[in-house]
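What follows is one structure encoded as structure tokens, with my remarks underneath.
Convention: sequence-line order gives letters A, B, ...; per-chain numbering from 1. All figures in this text were calculated on a predicted structure; none of them were measured in a lab.
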Amino acid sequence: MIVEVKNLIKRYQDFVALDHIGFTVKEGEIFGLLGPNGAGKTTTISILSGFTKYDGGEVKFLGKEVRRHEMEVKRELGIVPQDIALFEDLTAWENLDYFGRLYGLRGKLLNARIKEALEFTGLSDRKKDRPKKFSGGMKRRLNIACAILHHPKLIIMDEPTVGIDPQSRNHILQSIKELNRMGSSIIYTSHYMEEVREICTRIAIVDHGRVIANGTQSELTSLIATEEKVIIELSSVNYTMIEGIKRVHGVRECAAQGNRLEVIGKIGEKYLSKVIQIVSESDAEIVSMQMEKPSLESVFLTLTGRSLRD
Amino acid sequence: MKIRTVAYYTFLRHLRDYIAILALIAFPIAITIILGADEGGFKPRVVEQVPVGYLNEDGGALGAAFDKLMTSDATGKTFEVRKVEDADQGEEMVRSGELDGFVHVPADASNRLNLGDSVRLEYYGKGKGDSFQPMVESFIRSYNLNATLLRLGDKSPDSGDSGELVREDQVETEGKIPRAIDYYAISFLLQAILYGGLLGMFAITKNNGNHSHSRLLAAPVRGSQVMLGKWIGSTGMLFLIAVIIFVTTKYGYEANWDARIGLILTVLLLFCAVSAALGMIIAYLTRSTMVASLVLVIVTTFFSVVAGGYSPMESKVMETISKFAPSSYAQNALFADIYDKGDLSSNLLGLLAYSFIVVFLAFLMGRRKAI
């Protein structure tokens with residue numbers, strides 16, 4: 001394991017931000033941390049990054065307790081904070097030089113690493129420019145370059161694609177996959193499900209300071225894999241049809257949006273043919289039909305929705 | 001190495017803040033030139049002659065010697081000498097303030113002296129601050145001595161060159177009393193350095209604005225190293241500004257900086273260190289650029305006023321309060337060396353102690369909060 005978090009507690013006076021949170025990150029994986037705003041994922045990231053102290057529990061990096069081996073741990077960590085953390089009055093090269101030196105790099109090695117980081121993030125031709133002249137996407141890329149300069153064993157990325165154009169986002173996601181292929185483990189937080197779906201090998205869902213689900217994508221979806229959604233586009237929809245479908249055994253819910261029906265049914269129950277029969281009997285034509293299997297979105301909404309109501 | 005890295009890049013970031021740097025350099029030079037053109041209270045006052053009177057009733061050697069003294073050119077430069085006809089009149093003129101002093105040489109004083117009797121010269125004066133009495137006393141001592149030499153057989157009594165009893169000390173004021181431009185060149189340079197505490201402040205608060213503090217927090221570098229690096233970088237930049245202002249006022253506007261160059265640079269460097277540390281302390285306490293700037297302006301203005309930055313302060317109360325202002329130690333040290341006014345070593349030590357205390361305080365605060 002590269003990271004082990006056990007029973008992590010963080011309090012802000014009376015408010016418990018992290019309530020016995022626990023998860024592990026394996027070497028070589030991209031680990032996703034998902035949760036709504038205020039769930040505690042930024043606090044968790046801050047503790048792992050060394051910004052914030054914690055009040056209880058254990059955080060280990062490569063088997064070393066983070067509190068006791070602070071400097072050693074920091075040398076192996078690369079941080080991509082959510083906010084752009086660059087000196088706008090220094091050039092791209094100078095930013096990298098500054099941070100590289102703080103991580104102990106010097107001389108030819110430092111120069112080589114700077115060139116490598118600029119090339120990796122596609123900023124070689126902008127090395128003499130200052131970040132204030134960069135677009136949002138370029139700033140994010142330089143933000144990443146500063147984090148990977150020293151070839152860290154673990155890279156922590158806190159929403160690295162917020163507010164940037166799709167082209168830059170794709171570039172960043174491809175870079176993250178490449179970094180992982182090169183040997184870095186990554187902890188990745190994002191509100192964009194498609195990003196997490198695309199790059200993360202394992203995911204933890206956090207809410208109210210606790211991990212409420214943890215596993216691969218298929219493991220998470222199997223948690224709520226009891227229902228499926230059928231979307232039927234019709235020529236017309238009426239009240240009688242909807243009430244008839246609701247009474248079919250195996251159908252939990254039926255809702256209409258214009259001429260579009262959304263039918264939620266239990267997996268394994270043979271309700272679909274009955275639904276089609278009811279639609280045919282009401283003289284409506286089926287324009288299209290598709291089935292949605294449980295997704296990460298539905299897992300997220302289901303689990304956090306239940307927790308919020310609690 | 002990490003301290004050096006932080007110091008270098010702090011210095012570079014300050015250097016690129018062109019507007020702040022230009023303001024810190026241009027403002028004191030401009031004010032020095034403007035205020036320095038008005039001599040105002042900086043011209044040395046012309047010392048007026050002191051009105052004194054005498055009545056010489058002795059026709060002998062003593063009387064002749066006293067006459068010679070009172071009518072000499074040297075005496076005339078300092079005193080407005082008047083002959084008085086009557087002893088009572090002379091006493092009355094002193095009481096009324098018309099004369100500052102009056103001497104009566106009694107009749108037959110020389111004869112009595114030759115016979116071995118003691119002779120008393122009557123003197124009437126203001127008392128405290130009387131400048132005429134010491135001259136009369138010098139004459140008496142001198143004449144007594146010469147009289148003794150005569151008795152022992154010395155043929156040519158030397159009553160002393162009466163000119164020597166009024167020692168003509170030409171007070172050379174040039175270079176010894178500051179002109180307006182000399183005064184303001186120093187005081188406004190020190191003020192500029194004090195205001196330059198903004199650089200120490202920006203070294204802390206700017207990081208909050210651009211979130212770069214989070215990257216520094218995550219890096220394997222201690223808070224104390226970051227604090228020291230920022231302090232050194234800010235001090236270095238302030239010192240460069242100070243040297244530019246010093247050179248400009250000395251060679252461009254011929255302000256009097258006639259002190260040892262090593263001393264000037266030492267005082268400026270120490271003061272820059274104090275100012276940078278003060279700015280950092282204020283930043284640590286307030287954590288807000290706007291609030292910190294306001295506090296710094298208030299503190300700087302207070303220190304400048306009590307240290308006589310805008311005009312010389314001559315009051316016991318101000319002198320006591322000024323001991324809390326670092327600029328007073330710096331200013332007094334420089335004035336002590338240039339104008340022989342005040343105690344150089346105690347002010348230098350005071351500045352050194354002040355800088356140690358302030359930098360240590362900044363270090364204590366910064367090692368945990370530095371970033």
Exercise. By a 4.5 Å heavy-atom criterion (distance strictly below it), what part of A:N143 contacts chain B: side chain, backbone, both, or neither?
Worked result: both
Exercise. Does B:R215 count as lying over the ring of A:F99, i.e. NZ or CZ under 6.0 Å from the six-ring centre, within 45 degrees of the axis?
Worked result: yes
Exercise. Going by an N to O cut-off under 4.0 Å, is there a salt bridge joining A:K74 and A:E70?
Worked result: yes
Problem set entry | Segment of A:E94 engaging chain B (4.5 angstrom heavy-atom cut-off) | both
Exercise. Checking A:R141 against A:F120: charged group under 6.0 Å from the ring centre and within 45 degrees of the axis?
Worked result: no
For this session: Can you establish whether the number of heavy atoms outside B:R16 located under 6.0 Å from its atom CZ is more than 12?
Result: yes
Exercise. Where does A:L102 contact chain B at under 4.5 Å (heavy atoms): side chain, backbone, both or neither?
Worked result: both
